[in-house]
Amino acid sequence: MAKSPSARSRSNKSRRTRRLPSPRLPALDMASLTGEQQALVDAISSGPRGRFSNSGPFAVYLHAPGFGHLAQQLGGHARLGTSVPPRLSEFAILCTARFWQAQYEWVAHAAIAAKQGVKPATIRDLHAGRTPTSAPRDEMAIYAFVRELYATRRVSDATYKRVHKLLGDAGIVELVGILGYYAMVSMILNVFRMPVPEGTPAPFREANK
């Protein structure tokens, strides 16, 4: 049954006022970085992303810049350098963000996915935890692959073959790598309670602990 206007208003208000737990790591002063931290900032800024934002996973990477440098290199390639079409790559990232209920990751990549051609109805279904039945066949093949992998930690032959037919040997390796990288990012965001941008509603409920 559809929600009444007043019920939708209450739901939207709840999302707007929902408070997330405080971050577990302090925000670093960009004017007081160590040489290694500044090198990380410079590497991200000069890489395929084109800029550094002291938020989300990058803000965490600054606290361990040696790890962060390697992680951001993998992340830049996973997001922007693979043979997986951007629409399917962003769709897979959204599936991962939804599985982990990673607040920052969902906010960031829902907008990117829409720009890459993922339909608004598909994004709404994923956000609500529903199967996106109106999504095109290639996205549904990716969805089945991701859901099965996360649920069973394996992928059946039938599910594998559907995605392999779409992406080939290299592409399916890269797809698993994309999922692995963004699962790691989701864990980082969740463990360190990284907030969504100021003024942005939190997309998922989260207990304040």
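In this text the structure is predicted, and so the values were computed from the model without any measurement. Counting from 1, the numbers follow the sequence of the chain as shown.
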Query - Partners meeting ring pair (Phe, Tyr, Trp, His ring centres under 6.0 Å) with H63 (sequence neighbours left out) - result: none
Query raised in the report: Do P86 and I112 have side chains that get closer than 4.5 Å, going by heavy atoms?
Result: no
Query raised in the report: Quick one: do I188 and L25 end up in the same hydrophobic cluster if we chain Ile, Leu, Val, Met, Phe, Trp and Tyr together by side-chain heavy atoms under 4.5 Å apart?
Result: yes
Query raised in the report: Sub-3.5 Å donor-acceptor pair from the side chain of T200 to the main-chain atoms of P197, do we have one?
Result: yes
Query raised in the report: Can we call the ring centroids of H127 and F204 under 6.0 Å apart?
Result: yes
Requested in this report: Group every Ile, Leu, Val, Met, Phe, Trp and Tyr by side-chain heavy-atom contacts under 4.5 Å, then state whether L189 and L70 land in the same group.
Outcome: no
Query raised in the report: Just by distance, with hydrogens left out, do S83 and E174 show a side-chain donor and acceptor under 3.5 Å apart?
Result: yes
**Report entry** side chain to side chain contact (heavy atoms under 4.5 Å, CB included) assessment of R137 paired with L166
**Finding:** CA-CA 10 Å; R137 293 180 66 182; L166 288 171; over 6 Å; no
Query raised in the report: Would you say the side chains of S55 and S53 form a donor-acceptor pair under 3.5 Å?
Result: yes
Report task. State, to 0.1 Å, how close A97 and S186 come at their nearest heavy-atom pair, and which atoms those are. Result -> CA-OG, 4.4 Å
Report task. State which residues pass salt bridge (Lys or Arg N to Asp or Glu O under 4.0 Å) with R153; sequence neighbours excluded, sorted by chain then number. Result -> none
**Report entry** L149 vs R154, side chain to side chain contact (heavy atoms under 4.5 Å, CB included): CA-CA, chis, key distance, verdict
**Finding:** CA-CA 5 Å; L149 178 59; R154 302 289 189 278; 6.0 Å; no
Query raised in the report: Backbone N or O of L88 within a donor-acceptor pair of the D138 side chain at under 3.5 Å?
Result: no
**Report entry** Linked, directly or transitively: V185 and L80 (ILVMFWY side chains, under 4.5 Å)
**Finding:** no
Query raised in the report: Where do T131 and D125 land on the side chain to side chain contact (heavy atoms under 4.5 Å, CB included) test, with the steps shown first?
Result: CA-CA 6 Å; T131 299; D125 282 342; over 6 Å; no
**Report entry** Salt-bridge contact K115-E90 (side-chain N to carboxylate O under 4.0 Å)
**Finding:** no
Requested in this report: In sequence, state the C-alpha distance, the side-chain angles, and the governing distance for H69 and E36, and then conclude on side chain to side chain contact (heavy atoms under 4.5 Å, CB included).
Outcome: CA-CA 9 Å; H69 185 72; E36 193 176 14; over 6 Å; no
Query raised in the report: Which one of Y182, Y104, W100, F91 satisfies the ring-ring contact (aromatic ring centres under 6.0 Å, His included) criterion with H109?
Result: Y182
Report task. Please check if the side chain of R24 supplies one atom and the backbone of V191 the other of a donor-acceptor pair under 3.5 Å. Result -> yes
Report task. Please work out which of the three classes, parallel, tilted or perpendicular, describes the rings of F58 and Y61, given edges at 30° and 60°. Result -> tilted
Query raised in the report: Taking the side chain from R193 and the backbone from P21, do they hold a donor-acceptor pair closer than 3.5 Å?
Result: no
Report summary line: Scanning both residues in full, the closest heavy-atom pair of L175 with A92 reads CD1-CB, 3.8 Å
